[in-house]
J.: 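For reference, the structure I am asking about is given below.
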Amino acid sequence: MKIWLNGKLVDRGAAMIGVYDHGILYGDGVFEGIRAYGRRIFQCKAHIERFFESARQIRLTIPYTPQEVEAALRETIAANDYQYSYIRPVVTRGEGNLGLNPFACSQPNVFIINDHIQLYPKETYEGGIALIIARTLRTSATMLSPSVKSLNYLNNIMAKIECIDAGVSEAIMLNDQGNVAECTGDNIFIVKDGTVITPPASAGILVGITRAVVLRLARQLEIPAVEKNFKPEAVYDADECFLTGTAAEIIPVTKVDRTTIATGKAGPITKKLTQAFHQYTQSPASE
Ligand code: PMP
């Protein structure tokens, strides 16, 4: 496996950064999670834009242009040549001292990992997955904006521990208003009376690239789609529920806490969107 590290492709065992890097000491840095279908990078431009926007929001300057980052992503996937894969560009604040001051760090470290993608088991795309509602709330935008895909994922990890303890694979995280925000690594949608509903960016979410594609596809299919706040009760009472994310694509949800969602199977709108999504991933337009 080849890792791209500060401009060079190196073997995984040789890809090292120092323990004084503030990415390690303080989670000070940002990253992206991107999927490649063969050599085609799904929504490449949107991911690079989010990468630079995350960095801008924490006042971290990526020492490359977006074009150079794109070239580096392509160089990395060409070196590994997997059929389907996951690409993880990361930029850390770089090596500093033991104080917090980010501006005392010398030079950001940039690396790109390209690996096999971890997927939900095949049968879950028909039968759906179960969720819990986590007690851990999603960080509010007044603390650290969830729109920054930062290296500090402990908020999500604490909710992930709750769902592992409960024996399910994802957890719904609420915001401090009691509204549904998102899951630990996926965005959430419900369907009610034929309308697809997902929380708005202002609910405090990572604005998912898959979420944006699904909203676009819904509108193309003339399925009403809105961004609107809702409470956990609306999930229990939904006709359908599904999650979206780079790895999951679209995954049906059939149980939340002790409540079975509608029929307990993937619903018709979820299936229609999934089919449209798969078609889209196979087209050159999806890059
Ligand atoms: N929310 C969170 C917290 C995430 O970490 C992710 C993806 N890793 C998503 C939502 C989904 O975003 P995307 O569709 O861009 O993968």
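One-based numbering, in listed order, for ligands and for the atoms of each.
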J.: Dump the intermediate steps for side chain to side chain contact (heavy atoms under 4.5 Å, CB included) on E170 and I251, then the final yes or no.
T.: CA-CA 11 Å; E170 256 291 14; I251 183 97; over 6 Å; no
J.: Polar-atom distance check: G33 versus ligand 1, any N or O pair below 3.5 Å?
T.: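 No; the residue has no nitrogen or oxygen that sits under 3.5 Å from a nitrogen or oxygen of the ligand.
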J.: Against S85, only a single residue in N80, N114, T76 fulfils side-chain hydrogen bond (donor to acceptor under 3.5 Å, both in side chains); can you say which?
T.: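 It is N114; the other options fail the test.
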J.: May I ask which of D186, L206, T246 has a heavy atom nearer to atom 13 (P) of ligand 1 than the others do?
T.: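 The option holding the nearest heavy atom is T246.
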J.: Starting from atom 9 (C) of ligand 1, what is the nearest protein heavy atom, named by residue and atom, and what distance separates them?
T.: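 Atom 9 (C) of ligand 1 sits closest to the protein heavy atom G185 O, 3.5 Å.
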J.: Is it true that V207 lies under 4.0 Å from ligand 1, counting heavy atoms only?
T.: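 Outside the 4.0 Å threshold, so no.
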J.: With backbone taken as N, CA, C and O and side chain as the heavy atoms from C-beta onward, which portion of N156 lies under 4.0 Å from ligand 1: side chain, backbone, both, or neither?
T.: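 For N156, the contact with ligand 1 is made by the side chain alone.
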J.: Is the closest N or O pair between T210 and ligand 1 shorter than 3.5 Å?
T.: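 The answer is yes, given that T210 and ligand 1 share an N or O pair closer than 3.5 Å.
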J.: State the atoms of ligand 1, each with its element, that fall below the 4.0 Å cut-off from a heavy-atom position in G208.
T.: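 Selected atoms, number and element: 12 (O), 13 (P), 14 (O), 15 (O).
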J.: Decide side chain to side chain contact (heavy atoms under 4.5 Å, CB included) for V196 and L273; before the verdict, give the C-alpha distance in whole Å, the side-chain angles of both, and the deciding distance to 0.1 Å.
T.: CA-CA 10 Å; V196 169; L273 287 168; 4.3 Å; yes
J.: Go through it in stages, so that I can follow the logic: the residues are E249 and L119, the test is side chain to side chain contact (heavy atoms under 4.5 Å, CB included), and I'd like the CA-CA distance, side-chain angles, deciding distance and then a yes or no.
T.: CA-CA 9 Å; E249 297 181 325; L119 300 172; over 6 Å; no
J.: Give the numbers and elements of all ligand 1 atoms closer than 4.0 Å to a heavy atom of E182.
T.: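 Result: 1 (N), 2 (C), 3 (C), 10 (C).
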J.: Which atoms of ligand 1 are found less than 4.0 Å from any heavy atom of G245?
T.: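 Here the atoms of ligand 1 in question are 11 (C), 14 (O), 16 (O).
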J.: Applying salt bridge (charged side-chain N to carboxylate O under 4.0 Å, His left out), run through R211 and D186 and close with a yes or a no.
T.: CA-CA 9 Å; R211 171 186 179 277; D186 296 298; over 6 Å; no
J.: For atom 5 (O) of ligand 1, find the nearest protein heavy atom and state the residue, atom name and distance (0.1 Å precision).
T.: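 Residue, atom and distance for the closest contact: Y153 OH, 2.5 Å.
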J.: Does any N or O atom in R50 lie less than 3.5 angstrom from one in ligand 1, N or O only?
T.: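 Yes - when backbone and side-chain N and O of R50 are compared with those of ligand 1, one distance drops under 3.5 Å.
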J.: Do me a favour and list the nearest non-hydrogen protein atom to atom 8 (N) of ligand 1 with residue, atom name and distance?
T.: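 Answer, as residue, atom name and distance: K149 NZ, 2.9 Å.
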J.: Starting from atom 11 (C) of ligand 1, find the nearest protein heavy-atom neighbour and note its residue, name and distance.
T.: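 Of every protein heavy atom, N187 OD1, 3.6 Å lies nearest to atom 11 (C) of ligand 1.
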